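Notes to accompany the following structure.
Predicted model only: the values in this text are computed from it and were never measured. Throughout, a chain's letter reflects where its sequence line sits, starting with A, and its residues are numbered from 1.
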Amino acid sequence: MNVIEVKNLKKIYNSSEVKVNALNGIDLTIEQGEFTAIVGPSGSGKTTFLNMLGGLDSPTEGEIAIGGTDIQHLSSSELIDFRLRNIGFVFQAYNLIPVLTAIENVEFIMQMQGVSKPERLQRAKELLTQVGLGDRVNSRPSKLSGGQQQRVAVARALASKPKFVLADEPTANLDSKSTENLLDIMEELNRKENITFIFSTHDQRVVNKARRVITLEDGKIISDVQK
Amino acid sequence: MILAVAWRNIWRSKTRSLVILVAICLGLASGVFYMGFYQGMVDQRINTAIKTEASHIQIHHKEYLNNPDKKFVIADADSVTKVIRSVSGVKATTSRIIMNTMIQSPTTSSGVKVTGINPEDEKQVTNLYTRLIEGTYFEEGKRNPIVIGKKLADKLKVKLKSKVVITLQDMEGNMTGASFKVEGIFETSNTAFDENCVFVRNDDISRVMAMDPNSCHEIAVFLDNNEELDLADQTIQSKLSGLDVKTWREIMPDVSLVESSFGLTMMIFIGVILLALLFGIINTMLMAVLERTKELGMLMAIGMNRIRVFMMILLETVMLSLVGGACGILLGWLLNLYFGVKGIDLGTWSTAYKSMGFDTLVYTKLSWSISFEISVMVIVTGIIAAIYPAMKALKLKPAEAVRIDM
């Protein structure tokens, strides 16, 4: 089953002096349960492509269908709601809410979805246990290491039961041990629960774990390798 | 949970929040305290106006107030008084003979308003007898006693038992006069009243003026309380259509103006304080929003819609304003409670205040309704202050905001 279908995706940034073709006609299909890394040098269009997939930016041309919904036709408020219910985000700098505890951070997204208090409390606890933080549920982000914070971010991304998780350089700020640990957790979630993960990364360790590696250059896919 | 996030966000930068909280607290405390002070002063002025000067309602001949000539009398004052006393809410009445004339002492003279009173009735209506600082209030039973103000006594250079002469016209228009002996000296908070008003017995002045003892120029009416003023005024007017019935508000428009403008004056005063605080709050919240660009971008990226983002900033601002506002109102209340008992002595400015009829020892007073109105104004200020920072937050593009290095 296809989670993402991208057809002839183009993004052109028009500044006053230059026209930049950030994406030059990308065609891509990602299926349920994939563990995919998008790689490429700086300026290759990785971030732009990820923003398109995450519904954070709109294409100049082409189509993006997520779970059968063409998101390029959604209004900005519809897109916000779509992101809330369909896409899990993991950011490079963790981006947790510093005033909330780990469990509250995970709960927060479910509250926005309208999940009842007992249900979201139970799910948040389960998810934090799954990422190995069952004993740190009441810790605030400032009391957690970078690796632990990123694991909370993974739990938060999964809390909304998304169609896929989009992770933008999730290991960029982590040491090798934390990276290894985080990747193992995500791989396990992918394997056991068939959760789709898409990474943008420079990190060879992530690339090594990925089962599919898509390489971008000058806004085009130059290689798409299934391992 | 947005409420919890908003509350905890306030305390992320404790110093910054505390600075604005202290500013709101002190600003409002001073505003509330000043309101209590001003209300106390106004209430005391009204109290003095009613109990010492004008009483609640006055009745005159139709022409008297336009042309205070001795001939415009209320005939058959006893019957009129009977009618007035039958009106609900009327506590007491007193009839007065009034003449604007000259008073002379051996050294000098002065223009005064001579009021002939029935001392026992007058005691029920005005509290002048409580303001005596020397002598007695028509108790000696001797002929032609007079009670004068301290300011006038000083001016005329007279003291107790001194003789003064009042020159006036009788009802026929003949010049006449009588000698009066100072029996009492009073001092009120209104120096103009003390200098210009003297009191003699009704019987004495009517005899000098050859006036019908059952007539008078003025009937003063004292009510159970000021709340019954309008109803009692209407009832008396309907019963005494041939006479001129006026409330203290009409008789003393200056005092009435102070009373009626109090609310507006105070709201403008508090409004100015809140306006100044508004910019402080906007500045604080703007800093809070700009500092959290990345976090707000993340929240919007993961699906927090515009209404929630707006509500979060709004709640933060309103809570900040409310905490500061509540502390300020509480502090203002405590100050008002203390000075409501202790009083504030305006000794330094006493001359100026007394010339305007204000007491120089002011007991602060504050009503719950005013505190409630201030609380509403604080909330409204918080809401207004939230708009600009919230709009700034809503303009963030999540894709860009999450990548900003803070």
Measure A:Leu79 against the heavy atoms of chain B and call it side chain, backbone, both or neither at under 4.5 Å.
-> neither
Option in A:Asp57, A:Ile97, A:Asp81 with maximal non-hydrogen atom pairs under 4.5 Å from chain B = A:Ile97
Can you check side chain to side chain contact (heavy atoms under 4.5 Å, CB included) on A:Met112 and B:Ile302, steps first, answer last?
-> CA-CA 10 Å; A:Met112 289 196 286; B:Ile302 65 170; 4.2 Å; yes
Show your working on side chain to side chain contact (heavy atoms under 4.5 Å, CB included) between A:Phe108 and B:Leu299 and close with a plain yes or no.
-> CA-CA 10 Å; A:Phe108 192 69; B:Leu299 287 169; 3.6 Å; yes
Can you find a pair of side-chain heavy atoms, one from A:Ser77 and one from B:Arg306, that are under 4.5 Å apart?
-> no
Turns out that what part of A:Ile109 lies under 4.5 Å from chain B's heavy atoms comes down to side chain
Part of A:Arg156 lying under 4.5 Å from any heavy atom of chain B = side chain
If you count the non-hydrogen atoms of other residues, nucleotides and ligands that lie under 6.0 Å from NZ in A:Lys163, is the total more than 12?
-> yes
More than 12 non-hydrogen atoms from neighbouring residues, nucleotides or ligands closer than 6.0 Å to OH on B:Tyr388, yes or no?
-> no
May I ask you to check whether over 12 heavy atoms, not counting those of B:Leu334, lie within 6.0 Å of atom CG?
-> yes
Structural part of A:Glu104 lying under 4.5 Å from a heavy atom of chain B | both
Do other residues, nucleotides or ligands put more than 12 heavy atoms under 6.0 Å from A:Asn8 CG?
-> yes
Counting only N and O atoms by type, is there a donor-acceptor contact under 3.5 Å from the side chain of A:Arg83 to the main-chain atoms of B:Ala301?
-> yes
Answer yes or no: are there more than 12 heavy-atom neighbours, outside B:Phe372 itself, under 6.0 Å from its atom CZ?
-> no
Drop me the distance from A:Phe89's CZ to B:Met298's CE, to the nearest 0.5 angstrom.
-> 11.5 Å
Report the C-alpha separation of A:Arg140 and B:Arg8 in whole Å, then their side-chain angles, then the decisive distance to 0.1 Å, and conclude whether the side chain to side chain contact (heavy atoms under 4.5 Å, CB included) test is met.
-> CA-CA 12 Å; A:Arg140 287 207 182 176; B:Arg8 290 180 205 175; 3.4 Å; yes
At a heavy-atom separation under 4.5 Å, does A:Ser76 approach chain B through its side chain, its backbone, both, or neither?
-> side chain
